[in-house]
Novice: 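Quick one: this structure, given as structure tokens, is what I'll be asking you about.
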Amino acid sequence: MARIVGEVMTRDVVEAHRETSFKDVVRLLDRHRVSGLPVVDEDDKVIGVISQTDLLRHRAGRTGTTAPSPARRLRMLPSGRPARWAGSVRAAWTARSARALRSSARAAGRLAAGAYPATAGELMSTPAVTIHPEQRIADAARVMERHGVDRLPVVDEEDRLIGIATRSDLLRVFLRTDDAIRREVRGEVLPRTLGPSAAGVSVSVADGMVTLRGSLEHEHGGDLALAIRLTYRVDGVIGVVNRLTVPAGSGPVPGP
């Protein structure tokens, strides 16, 4: 059935510590060809994440360039726009953009004071967004999308780092062949949800799109809604087309 994060995560994690220097972080990213890495404390607990974006923001801060504030950006909008339009622009700021602006403001303050961040502990983004290995890949994808991140440190029940999941790791799930998807739907999902009626259902898969065809006897129809829902959750499935029929008077056939 649906695969979990622990099955696809990378276990050999490149990590930094709070005291890791700016240059050493750059070397780690370059040597291991990654765009970001978790920062851990002495107990291997994740305390933040540092990315190429954080490093570039640091360099921008040293040259005295900082991101415009939301108020300044609104002043830069074309004149004549209605207030409602400007308000919608303000509402469109994501949490990620807000964090970036706050970090830029902190960098500007350190620049004015003559102190530049030199360690991972000062450069990292906090708090770190993490996930547990037993969570479903679909859940991890939603967390990434919600927080606007490209990687998730994977932690155990004590929040210690045990792996990392990237967008590439999650996308590999969708490289499953159509035949592998069809075998799982045909051999596992339908018998479990439709019982004897599964024998009357044909399954075809094209580029991850599953089509169910056939006729179900109402008294032995099983749970069709559950069958469609679990088919959609099979790894590699991008959609389900329901072409199943039931005898007249048995009620409508649920959609996906």
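Residues take their numbers from the sequence shown, with the count starting at 1.
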Novice: Can you tell me if Asp178 uses its side chain to pair, donor with acceptor, with the backbone of Gly208 under 3.5 Å?
Specialist: yes
Novice: So which atom in Val154 and which in Ala165 form the shortest heavy-atom distance, rounded to 0.1 Å?
Specialist: CG2-N, 3.9 Å
Novice: Within this structure, what is the CD-CG distance for the pair Glu122 and Asp54, rounded to the nearest 0.5 Å?
Specialist: 12.5 Å
Novice: State which residue, out of Val203, Val189, Leu194, fulfils the side-chain contact (heavy atoms from CB on, under 4.5 Å) condition with Leu212.
Specialist: Val203
Novice: Which other residues end up in the same hydrophobic cluster as Leu171, if Ile, Leu, Val, Met, Phe, Trp and Tyr are linked when side-chain heavy atoms come under 4.5 Å apart?
Specialist: none
Novice: Main chain of Val155, side chain of His132: is a donor-acceptor contact present, judged purely on distance under 3.5 Å?
Specialist: yes
Novice: Can you check whether Ala16's main-chain N or O pairs, donor with acceptor, with Thr20's side chain at less than 3.5 Å?
Specialist: no
Novice: Would you check, one step at a time, whether the test side chain to side chain contact (heavy atoms under 4.5 Å, CB included) holds for Thr119 with Phe22?
Specialist: CA-CA 5 Å; Thr119 66; Phe22 174 91; over 6 Å; no
Novice: Would you say Leu216 and Leu230 are hydrophobically clustered, going by side-chain heavy atoms of ILVMFWY under 4.5 Å?
Specialist: yes
Novice: Of the non-hydrogen atoms in Thr193 and Ala227, which two are nearest, and what is the gap between them?
Specialist: OG1-CB, 3.0 Å
Novice: Can you tell me how far apart CG (Asp223) and CZ (Arg192) are? Round to the nearest 0.5 Å.
Specialist: 10.5 Å
Novice: Write out all pairs satisfying salt bridge (charged side-chain N to carboxylate O under 4.0 Å, His left out) with one or both partners inside residues 11-29, taking only residues at least two apart or from two chains.
Specialist: Asp24-Arg27
Novice: Find out whether Arg186 and Leu190 are in side-chain contact, i.e. whether some heavy atom of one side chain is under 4.5 Å from a heavy atom of the other.
Specialist: yes
Novice: Which atom pair, heavy atoms only, marks the closest approach of Pro153 to Val46?
Specialist: CB-CG2, 4.1 Å
Novice: In chain order, what residues pass the side-chain contact (heavy atoms from CB on, under 4.5 Å) check against Ala138, with sequence neighbours excluded?
Specialist: Arg136, Arg142
Novice: Can Val5 be reached from Val13 by stepping across I, L, V, M, F, W or Y side chains whose heavy atoms are under 4.5 Å apart?
Specialist: no
Novice: Begin from the C-alpha positions of Ile137 and Ile4 and carry the test side chain to side chain contact (heavy atoms under 4.5 Å, CB included) through to its verdict.
Specialist: CA-CA 5 Å; Ile137 288 174; Ile4 59 176; 5.8 Å; no
Novice: Can you see which heavy atom on Leu244 is nearest to which on Asn242, and at what distance?
Specialist: N-OD1, 3.0 Å
Novice: In terms of hydrophobic clustering (I, L, V, M, F, W, Y; side-chain heavy atoms under 4.5 Å; direct or indirect links), are Val237 and Val201 co-clustered?
Specialist: yes
Novice: How far does CD1 of Ile47 sit from CG of Asp159, to the nearest 0.5 angstrom?
Specialist: 12.5 Å
Novice: For Asp179, look at atom CG and say whether over 12 heavy atoms of other residues, nucleotides or ligands are found less than 6.0 Å away.
Specialist: yes
Novice: My understanding is that only residues two or more places apart in sequence, or in another chain, count here; which of them pass salt bridge (Lys or Arg N to Asp or Glu O under 4.0 Å) with Arg167?
Specialist: Asp150
Novice: Is Ser51 reaching over with its side chain to a backbone N or O of Thr53, donor-acceptor style, under 3.5 angstrom?
Specialist: yes
Novice: Could you tell me which residues satisfy side-chain hydrogen bond (donor to acceptor under 3.5 Å, both in side chains) with Arg213, sequence neighbours excluded, listed by chain and number?
Specialist: Ser204
Novice: Following the transitive rule for hydrophobic clusters with a side-chain heavy-atom cut-off under 4.5 Å over Ile, Leu, Val, Met, Phe, Trp and Tyr, establish whether Val149 and Met9 coincide in one cluster.
Specialist: yes
Novice: Looking only at heavy atoms, what is the nearest atom pair of Val49 and Ala128, with distance?
Specialist: CG2-CB, 3.9 Å
Novice: Quick check: does any side chain N or O of Glu188 sit under 3.5 Å from a backbone N or O of Val185, one acting as donor and the other as acceptor?
Specialist: no
Novice: Please enumerate all residues that pass side-chain hydrogen bond (donor to acceptor under 3.5 Å, both in side chains) together with Thr177, with sequence neighbours excluded.
Specialist: none
Novice: State the CG-CD1 distance between Asp139 and Ile131, to the nearest 0.5 angstrom.
Specialist: 6.5 Å
Novice: side-chain contact (heavy atoms from CB on, under 4.5 Å) with Glu158: which residues, sequence neighbours excluded?
Specialist: Asp156, Arg160
Novice: Pair Leu37, Leu28 - check side chain to side chain contact (heavy atoms under 4.5 Å, CB included), show working.
Specialist: CA-CA 9 Å; Leu37 45 83; Leu28 285 171; 4.0 Å; yes
Novice: Just jot down the side-chain hydrogen bond (donor to acceptor under 3.5 Å, both in side chains) partners of Thr166, sequence neighbours excluded, or say none.
Specialist: Asp169
Novice: Any side chain to side chain donor-acceptor pair (under 3.5 Å) involving residues 29-49? Give me the pairs, sequence neighbours left out, ordered by first then second residue.
Specialist: Ser35-Arg151
Novice: On a heavy-atom basis, which atom in Gln52 and which in Val34 lie closest, and how many Å separate them?
Specialist: NE2-O, 3.9 Å
Novice: Test side chain to side chain contact (heavy atoms under 4.5 Å, CB included) on Val143 and His147 and set out the steps.
Specialist: CA-CA 6 Å; Val143 171; His147 293 278; 3.8 Å; yes
Novice: Under a single-linkage definition using a 4.5 Å side-chain heavy-atom cutoff for Ile, Leu, Val, Met, Phe, Trp and Tyr, are Ile164 and Val14 assigned to the same hydrophobic cluster?
Specialist: no
